[in-house]
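Throughout, numbering of the chain's residues begins at 1 and tracks the sequence. This structure is a prediction, so every number in the text was calculated from the model and none was measured. Every number for a ligand or one of its atoms is a count from 1 in the order of the listing.
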Amino acid sequence: MNFEEWDKWYEEILKDFGFSREDDERTASVLNKLLGNYGSIDIEDLVNNLHHENAAIHNFKRDKSTIKSFMVFGAGPSLKKDINYIKSRCNIEDPEDYIIIAADGATTGLLEEKIVPDIIVTDLDGKIEDLMLANDLRSFFVLHAHGNNFDQILKYTEKIHKVLGTTQSKPFSNLYNFGGFTDGDRAVFLAVALNAKKIVLAGMDFGKIVSKYSRPDIKDEAALADETKQKKLQYAEKLIDWVKENKNIEIINLSKQ
Ligand SMILES: Nc1ncnc2c1ncn2[C@@H]1O[C@H](COP(=O)(O)OP(=O)(O)OP(=O)(O)O)[C@@H](O)[C@H]1O
Ligand SMILES: Nc1nc2c(c(=O)[nH]1)N=C(CO)CN2
Ligand SMILES: [Mg+2]
């Protein structure tokens, strides 16, 4: 989604949630500076490195043109069921098959199943030790700045490597905006920017229930989402519907089957 198109969604989101564009831009400006100091990658680096990372691990040369299929894992209640289904159907670690993108808290569920994502799309409110562990092991970070994560960006950016920065306001300098709002739908927009032909969604229930991977502080496996979270999930679903309607990409949602 280009920025002009995204900006219409963004205006609506700012009004609907009462967020401030200036606050988003303030965090974006800090992230941009930190990435300037500590280093960041661009989209070309990401594509090239995805290829090399897998070549190193699997002794397999993935041609750039074979990067076509993606799996996006969200932190919805069906995450574990969907991972088990995928494991029973295919070799999830086969680099020929899929690029694996985890949306933030879903990283923890994947690590529990011995799967280290290729990419983590995050605003740094997932379980931070797991995000950092995955980053050390293998995962590239697509790190998002917004008005509500200034402190996390300030604290953790220097500790993370292999980072591509994003903003939800106007992109500039080191920061991209591929479109999208929550970590899960931004992961889908990233796959679109990486020329996906097929995207499989797992743990992307939307609805009103959140899992412990989304809210590590809840006691049970799942709980009723608060009103703000429910509204965020509605936007996530609508934005992914926009991709279905406007892009020629096969999208399969395992959570809805
Ligand atoms: N039922 C669900 N509960 C939680 N996440 C879901 C659900 N369905 C889909 N997702 C996707 O999983 C992603 C990862 O979840 P997580 O709660 O870590 O994200 P988030 O975008 O940081 O949200 P928040 O700002 O509420 O913390 C969400 O961004 C969302 O797109
Ligand atoms: N300003 C602001 N922006 C966001 C927020 C948030 O809480 N505040 N949460 C997001 C992830 O769901 C994405 N963007
Ligand atoms: Mg998050």
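- Not a single heavy atom of Ser255 sits closer than 4.0 Å to an atom of ligand 1.
- Within ligand 1, counting atoms from 1 as listed, the ones closer than 4.0 Å to a heavy atom of Leu233 are 1 (N), 2 (C), 3 (N), 5 (N), 6 (C), 7 (C), 8 (N), 9 (C), 10 (N), 30 (C).
- Annotation for ligand 1: atoms under 4.0 Å from non-hydrogen atoms of Gly105 are 18 (O).
- To the nearest 10 degrees, the Mg ion (ligand 3) sees OD1 of Asp125 and OD2 of Asp104 at an angle of 70°.
- The 12-atom threshold is exceeded at NZ of Lys81, counting heavy atoms of other residues, nucleotides or ligands nearer than 6.0 Å.
- Side-chain atoms of Thr182 and Asp185 form a donor-acceptor pair, as typed in the model, at a separation below 3.5 Å.
- Each of the following atoms of ligand 1 lies closer than 4.0 Å to a heavy atom of Ala103: 13 (C), 14 (C).
- Distance from atom 11 (C) of ligand 2 to its nearest protein heavy atom, with residue and atom name: Asp123 OD2, 3.5 Å.
- Remark: minimum distance from atom 9 (N) of ligand 2 to any protein heavy atom is reached at Lys232 NZ, 3.1 Å.
- Heavy-atom proximity to Pro77, at under 4.0 Å, picks out these atoms of ligand 1: 1 (N).
- Between Thr108 and Asp130, the side chains place a donor N or O and an acceptor N or O closer than 3.5 Å (distance only, hydrogens not considered).
- Atoms of ligand 1 lying under 4.0 Å from at least one heavy atom of Asp123, given by number and element, are 22 (O).
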(request) Start with the C-alpha gap between Asp183 and Arg186, add the side-chain angles, then the distance that decides, and say whether salt bridge (Lys or Arg N to Asp or Glu O under 4.0 Å) holds. (result) CA-CA 5 Å; Asp183 293 316; Arg186 273 187 287 105; 2.6 Å; yes
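- No other N/O/S atom of Asp183 lies as close to the Mg ion (ligand 3) as OD2 does.
- Near Lys232, with a cut-off below 4.0 Å to any heavy atom, the atoms of ligand 1 are 24 (P), 25 (O), 26 (O).
- Aromatic rings of Tyr235 and Phe17 (six-membered ring for Trp) have centroids within the 6.0 Å cut-off, being under it.
- Contact annotation for Gln168 and ligand 2: only side-chain heavy atoms (C-beta onward) come within less than 4.0 Å of the ligand.
- Scanning Thr182, Asn148, Asp183 for the heavy atom closest to atom 22 (O) of ligand 1 points to Asp183.
- For atom 27 (O) of ligand 1, the closest heavy atom belonging to the protein is Asp125 OD2, 2.7 Å.
- Atoms of ligand 1 found under 4.0 Å from any heavy atom of Ser214, numbered from 1 in the order shown, are 4 (C), 16 (P), 17 (O).
- Arg215 counts as a contact of ligand 1, since one of its heavy atoms falls under 4.0 Å from the ligand.
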